[in-house]
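Just the heavy atoms: all of them, side chains too, but no hydrogens, waters or symmetry mates, feed the values below. Values in this document were obtained by computation on a predicted structure and should not be read as measured data. Throughout, numbering of the chain's residues begins at 1 and tracks the sequence.
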Amino acid sequence: MCSITIFSTLFITVLSIQINNLKIKSINNEIYNYSVFLEAAKNNIMYNCSYDEIQKLDFEKKYYISKENLQIDKIKDKGIQNLFVTEKPLNGAYLVINIEEGKVMKLNLKLYEKIRKGTKVIECEFYKGKYHRTKN
């Protein structure tokens with residue numbers, strides 16, 4: 001009887017650890033996919049969007065990308081500037097772009113993701129504009 005109790009306790013403990021392990025793997029995969037999307041969005045804006053296209057996003061107040069569009073395939077299909085919308089998504093993860101105007105724009109991408117009970121933010125800042133580097 002004692003051995004059955006010990007076996008049951010060990011079995012339940014191992015099962016509990018495996019379930020938690022699967023949950024953590026799922027969360028890690030989600031974070032990884034969001035990180036890859038953020039990098040792809042940054043590169044797409046930096047290399048494929050013109051200064052005027054970014055100004056147009058700011059003028060139209062299109063600052064958000066909803067969870068449904070946080071996929072690299074969507075960038076390839078629609079183009080990054082077509083993924084931005086004016087309304088802040090209420091549910092799930094979303095990306096926000098903050099644009100500081102000037103001769104050289106300062107762009108800040110923040111990806112908000114709801115993990116478990118909290119919200120995590122992945123942030124990326126870069127510059128784009130009409131400028132020339134000087135040689136030293």
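- Clustering ILVMFWY residues whenever any of their side-chain heavy atoms sit less than 4.5 angstrom apart, transitively, puts V14 in a cluster other than the one holding I6.
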Pair L95-F84, side chain to side chain contact (heavy atoms under 4.5 Å, CB included): steps then yes or no: CA-CA 9 Å; L95 183 128; F84 285 98; 3.9 Å; yes
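- By the 4.5 Å heavy-atom criterion applied to side chains, P89 and K67 are not counted as neighbours.
- With sequence neighbours excluded, the residues satisfying side chain to side chain donor-acceptor pair (under 3.5 Å) with E68 are S66.
- Between the side chain of T9 and the backbone N or O of T5 there is at least one donor-acceptor pair closer than 3.5 Å.
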Candidate pair K23 and S26, rule side chain to side chain contact (heavy atoms under 4.5 Å, CB included), full reasoning: CA-CA 5 Å; K23 287 179 186 177; S26 172; 5.7 Å; no
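- Under a cut-off of 6.0 angstrom, the local environment of CG in N91 is sparse, with at most 12 non-hydrogen atoms contributed by other residues, nucleotides or ligands.
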Evaluation steps, side chain to side chain contact (heavy atoms under 4.5 Å, CB included), between I45 and I97: CA-CA 11 Å; I45 292 169; I97 186 168; 4.0 Å; yes
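- For the atom pair CZ of F37 and NZ of K74, the computed distance is 10.5 Å after rounding to the nearest 0.5 Å.
- A heavy-atom distance below 4.5 Å is found between the side chains of N69 and K78.
- A continuous path of ILVMFWY side-chain contacts below 4.5 Å connects Y47 to I75, so both sit in one hydrophobic cluster.
- Y64 is linked by a side chain to side chain donor-acceptor pair (under 3.5 Å) to nothing, counting only residues two or more places apart in sequence or in another chain.
- Nearest heavy-atom pair across C49 and Q81 is SG-OE1, 3.5 Å.
- The neighbour count for K76 NZ, taken as heavy atoms of other residues, nucleotides or ligands under 6.0 Å away, does not exceed 12.
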Check against side chain to side chain contact (heavy atoms under 4.5 Å, CB included), M105 and Q55: CA-CA 9 Å; M105 284 184 189; Q55 282 183 319; 3.1 Å; yes
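- The same ILVMFWY cluster, assembled from side-chain heavy atoms under 4.5 Å apart, contains both I54 and Y51.
- If you take CD1 on I72 and CG on N44, they are separated by 10.5 Å, rounding to the nearest 0.5 Å.
- One hydrophobic cluster, built from ILVMFWY side chains closer than 4.5 Å, cannot hold both F7 and I17; they sit in different ones.
- A 4.5 Å side-chain heavy-atom check between Q18 and N21 finds at least one atom pair inside the cut-off.
- With rounding to the nearest 0.5 Å, the separation of OH in Y34 from CG in N29 is 12.0 Å.
- To the nearest 0.5 Å, atoms CD (E53) and NZ (K128) are separated by 8.5 Å.
- Looking at heavy atoms from C-beta onward, L107 lies out of side-chain contact with Y127 at the 4.5 angstrom threshold.
- Between the OH atom of Y112 and the NZ atom of K88 there is a distance of 7.0 Å, given to the nearest 0.5 Å.
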Step-by-step salt bridge (Lys or Arg N to Asp or Glu O under 4.0 Å) determination, K42 to E39: CA-CA 5 Å; K42 179 197 79 152; E39 183 69 21; 3.5 Å; yes
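- Contact annotation: the side chain of Y63 approaches that of D58 to within less than 4.5 Å [non-hydrogen atoms, C-beta and beyond].
- In the hydrophobic clustering of this structure, V121 groups with I99; members are Ile, Leu, Val, Met, Phe, Trp, Tyr whose side-chain heavy atoms approach within less than 4.5 Å, directly or through other members.
- In this structure, the separation between CG on L22 and CD1 on I27 is 11.5 Å, given to the nearest 0.5 Å.
- Atom CZ of F126 is surrounded by more than 12 heavy atoms from other residues, nucleotides or ligands within 6.0 Å.
- The shortest distance between side-chain heavy atoms of T119 and E113 does not fall below 4.5 Å.
- Closest of all the heavy-atom pairs between L83 and I65 is O-CG1, 3.8 Å.
- Applying the side chain to side chain contact (heavy atoms under 4.5 Å, CB included) criterion to N108, with sequence neighbours excluded, gives N98, K110, E123, E125.
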